[in-house]
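So the structure is just underneath, and the comments pick up after that.
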Amino acid sequence: AGVTLTEWIKSFHNTEINSPQSLNRHSTQLSESSLKIITQLAREISKALGNLHDALVTHNNLKPEHIVVHKKLEKDIISVKIIGLGSASLLTDRSEIHLKSRK
């Protein structure tokens, strides 16, 4: 089971604060492995959104609570699912995408 992006960030932040590299409660120097995890997460979120947009779907209500993060412990592999598509829109004409992106 996964956790929302909000929960994941809180958990990650708490782990980083308690790490030996923590400078103080408000400033943390991230390790190289932490940066790799954050980069992988950002890439997975971008891919998931790209897949929605390739299917001509716009979410219309994207927020951290609608991004579910799954982490496989044995390999540090992160996957992402986008949920909360109740207010999503299906674009039926490519010109609509072009017009909306210009606004």
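As a basis for the values below, the full set of heavy atoms in this structure was taken, side chains included, without hydrogen atoms, waters or symmetry mates.
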Do L5 and I83 share a hydrophobic cluster (ILVMFWY, side-chain heavy atoms under 4.5 Å, transitive)?
no
What closest approach, in Å, do Q40 and I78 show between heavy atoms, and which atom pair accounts for it?
NE2-N, 3.1 Å
Any idea which heavy atoms bring H59 and L85 closest together, and the distance?
CD2-CD2, 3.3 Å
To the nearest 0.5 Å, what is the distance between CG on L41 and OG on S79?
10.0 Å
Treating T39 as the side-chain partner and L35 as the backbone partner, does any N or O pair qualify as donor plus acceptor under 3.5 Å?
yes
What donor-acceptor contacts under 3.5 angstrom involve side-chain atoms of residues 61-70, with partners at least two apart or in another chain?
residue : atom : partner : partner atom : Å
E65     : OE2  : T6      : OG1          : 3.3
H66     : ND1  : N61     : O            : 2.8
H70     : ND1  : G2      : N            : 3.3

Do F12 and I38 have side-chain heavy atoms sitting under 4.5 Å apart?
yes
Taking side chain to side chain donor-acceptor pair (under 3.5 Å) as the test, write out the residues that go with K47, two or more places apart.
E44
S33 meets the side chain to side chain donor-acceptor pair (under 3.5 Å) criterion, sequence neighbours left out, with S31
Sequence neighbours excluded, which residues qualify as side-chain contact (heavy atoms from CB on, under 4.5 Å) partners of V57?
L52, A55, A88, L90
Pair S87-N60, side-chain donor/acceptor within less than 3.5 Å:
no
